[in-house]
Peer 1: 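Could you have a look at this structure, given as structure tokens, before my questions?
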Number of protein chains: 2
Amino acid sequence: MGKRSDAIASEIKSWIVEQNLTPGHHLPQEKDLIEYFSSAKSTVREAIKVLQAQGLVTTRTGPGGGAFVTEIPQEKALSLLSNYFYFKDLSIKDIYQLRRQLEPEMAASLCGNLDAHDLERLKTAITIYSSPIATQEEEYQQRLNELVFHEVLADLNPNPLLSFVCRFLLSLLKNLDFCHKIYQKPNPELFDTGRYYQMALYDALVMKDRDKVRHLMQKHMLAAEKIMLERERELKSNLQ
Amino acid sequence: MGKRSDAIASEIKSWIVEQNLTPGHHLPQEKDLIEYFSSAKSTVREAIKVLQAQGLVTTRTGPGGGAFVTEIPQEKALSLLSNYFYFKDLSIKDIYQLRRQLEPEMAASLCGNLDAHDLERLKTAITIYSSPIATQEEEYQQRLNELVFHEVLADLNPNPLLSFVCRFLLSLLKNLDFCHKIYQKPNPELFDTGRYYQMALYDALVMKDRDKVRHLMQKHMLAAEKIMLERERELKSNLQ
DNA sequence: AGATATTTGTTCGTATGTATT
DNA sequence: TAATACATACGAACAAATATC
């Protein structure tokens with residue numbers, strides 16, 4: 001891979017680590033990079049574009065503008081990672097094998113570390129999806145709102161790794177084609193058990209009963225997986 | 001974000017999903033893309049460069065060349081994701097909170113699904129790091145070889161998600177700055193317990209004793225975490 | 001508020017490198 | 001070996017965005 005622009009991109013990237021550049025630092029301007037690498041404008045621009053596509057830098061026009069080192073937004077990282085799994089053909093079983101392990105740990109580790117405001121966020125996340133359903137479109141929205149509770153839990157967790165992986169699993173449930181189809185069908189069973197567990201989890205979090213939180217989330221995940229697997233089976237048999 | 005090249009990149013990306021293009025499909029040639037988007041050469045090239053940086057396409061020169069849809073290599077996905085955590089300041093605790101949950105599940109789910117060849121791979125992974133240590137440099141190599149066993153386990157696992165996350169945790173242990181430092185110091189305790197657990201795990205996998213596998217890996221992770229946390233503490237106090 | 005200067009973004013034409021036939 | 005088809009690199013002119021006065 002002797003491509004010049006790629007070489008420039010990786011050299012600039014190694015600047016960032018070697019000089020310990022932090023978000024906000026600005027890289028040399030285009031014209032200086034052109035001179036430094038003695039390359040053409042387009043070539044340098046392609047190099048910057050690579051870094052931009054990976055989320056490492058952002059650019060601004062105008063005086064004082066240029067390319068700035070940036071902290072990759074979570075959304076960007078989620079979308080970059082989902083590309084990797086696009087051709088991997090994930091199943092409900094695959095996703096829940098991780099959720100079963102991680103969601104209980106995440107909820108438990110949060111126990112006792114939530115202030116009143118955090119608990120309030122969780123409460124509103126639950127109420128969002130308690131409202132009655134009118135149209136078919138709202139049906140699907142309810143399925144998504146069901147996940148909001150878990151998204152809030154992930155947001156509140158101080159472990160960036162755990163938080164990210166859980167959010168990624170949630171994004172798969174939201175965006176994966178077959179999950180999309182599963183969620184589009186009415187699913188009162190999933191709705192009822194989901195709501196029950198979320199309310200019970202909220203109470204246990206208020207009580208700071210860590211073991212109960214963990215245990216409830218384990219049961220919640222097992223129940224959700226069971227229902228989702230059934231829907232997945234139905235979906236597959238309908239296709240044949 | 002009204003940038004033309006980004007808009008072109010995301011339109012091409014949506015072609016890939018809408019037309020269900022699979023790895024190997026080739027996109028229109030540069031000149032056709034230029035015509036289709038009625039944009040300049042450099043602009044279209046920057047768009048392709050974005051997709052390339054994200055691993056979605058690769059390009060080839062020469063007749064029959066062009067941009068081809070590709071399956072993102074695992075290495076590429078690992079490196080893209082590690083960018084996200086570069087500024088996140090992860091700790092041993094963060095990493096092991098996930099390893100504690102996932103490694104036992106991974107090993108257990110493998111139990112009974114390994115053929116003779118797979119077991120052979122595991123065995124050689126263990127023996128790699130049993131050889132005696134001569135130089136200081138080999139000391140560090142030994143620390144890395146210790147992880148090879150877990151990498152093989154991840155490779156063998158049929159769940160792409162579980163496999164990827166475990167590999168990512170391993171790549172953090174290898175590449176993160178402070179882990180690097182921890183691993184550079186002699187650590188006979190980590191070495192001995194590691195080797196003990198890996199051999200015990202191998203035996204349990206041969207015996208297809210799933211509960212024992214899970215239990216051993218849980219203890220292995222707890223032991224490793226304990227030692228790593230101590231080293232991390234030492235390192236931090238040395239810096240002050 | 002408006003003009004200006006600065007910096008990235010886009011255009012276009014040309015030349016070079018590389019793999020296929 | 002030569003011809004062809006394609007990406008890659010070059011460079012100068014122009015457009016758009018934005019901070020400053």
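Chain naming here is simple, since letters A, B, ... match the order of the sequence lines and numbering starts at 1 in each. All values below were derived from every heavy atom in this structure, side-chain atoms included, with hydrogens, water molecules and symmetry-related copies excluded.
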Peer 1: Could you give the CG-to-P distance, from A/D32 to C/dT6, as a whole number of Å?
Peer 2: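 Rounded to whole Å, this separation is 14 Å.
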
Peer 1: Whole angstroms only, please: what is the CD1-P distance between A/I48 and C/dT10?
Peer 2: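 The answer, rounded to whole Å, is 14 Å.
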
Peer 1: Without decimals, in angstroms, what is the distance between A/Q29 CD and C/dT8 P?
Peer 2: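 Roughly 5 Å, once rounded to whole Å.
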
Peer 1: B/E35 has an atom CD; how far is it from atom P of C/dC12, in whole Å?
Peer 2: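 About 13 Å, once rounded to whole Å.
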
Peer 1: Would you tell me if any nitrogen or oxygen in the side chain of B/R45 comes within less than 4.0 Å of OP1 or OP2 on D/dT8?
Peer 2: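 Indeed, a polar side-chain atom of B/R45 lies that close.
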
Peer 1: Less than 4.0 angstrom between a side-chain N/O of B/T43 and OP1 or OP2 of C/dT11, yes or no?
Peer 2: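 Answer yes for this pair, as a side-chain N or O of B/T43 is under 4.0 Å from OP1 or OP2.
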
Peer 1: How do A/A67 and A/S42 order along DNA chain C: which one's closest nucleotide is nearer the 5' end?
Peer 2: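 The answer here is A/A67.
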
Peer 1: Do A/F85 and A/F168 make the cut of ring centroids closer than 6.0 angstrom?
Peer 2: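 Under 6.0 Å, so yes.
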
Peer 1: Can you measure B/R60 atom CZ to D/dT8 atom P for me and round it to whole angstrom units?
Peer 2: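 About 12 Å, once rounded to whole Å.
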
Peer 1: Whether B/S39 contacts C/dT10 is assessed here as follows: a side-chain N or O lying under 4.0 Å from the phosphate OP1 or OP2. Is that the case?
Peer 2: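 Checking B/S39 against C/dT10: no side-chain N or O falls below 4.0 Å of OP1 or OP2.
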
Peer 1: Between A/N157 (side chain) and A/L153 (backbone), is there a donor-acceptor pair under 3.5 Å?
Peer 2: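 Checking the backbone N and O of A/L153 against the side chain of A/N157, no donor-acceptor pair under 3.5 Å is found.
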
Peer 1: Just the rounded figure in Å: distance from P of D/dA16 to CZ of B/R4.
Peer 2: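 In whole Å, D/dA16 P lies 13 Å from B/R4 CZ.
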
Peer 1: Nearest-Å distance, CD (B/E46) to C1' (C/dT11)?
Peer 2: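 Between C1' of C/dT11 and CD of B/E46: 12 Å.
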
Peer 1: If you apply the rule side chain to side chain contact (heavy atoms under 4.5 Å, CB included), what do you find for A/Y96 with B/L161, and how did you get there?
Peer 2: CA-CA 10 Å; A/Y96 273 87; B/L161 265 172; over 6 Å; no

Peer 1: Is the positively charged end of B/K88 above the ring of B/Y84, judged by distance under 6.0 angstrom from the centroid and angle within 45° of the axis?
Peer 2: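 Yes - B/K88 lies over the ring of B/Y84, closer than 6.0 Å to its centre and within 45° of its axis.
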
Peer 1: For A/I34 and D/dA9, give me the distance from atom CD1 to atom C1', rounded to whole Å.
Peer 2: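 Nearest whole value for this atom pair: 13 Å.
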
Peer 1: Would you indicate, yes or no, if C/dG9 has its OP1 or OP2 atom less than 4.0 angstrom from a side-chain nitrogen or oxygen of A/T59?
Peer 2: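 Checking A/T59 against C/dG9: at least one side-chain N or O falls below 4.0 Å of OP1 or OP2.
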
Peer 1: If you pin B/K41 and A/P63 to their nearest nucleotides in DNA chain D, which one's is more 5'?
Peer 2: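 Closest to the 5' end, via its nearest nucleotide, is B/K41.
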
Peer 1: For B/I95 and B/L176, run side chain to side chain contact (heavy atoms under 4.5 Å, CB included): C-alpha distance rounded to whole Å, both residues' side-chain angles, the deciding distance at 0.1 Å, then the answer.
Peer 2: CA-CA 11 Å; B/I95 297 171; B/L176 236 52; 4.2 Å; yes

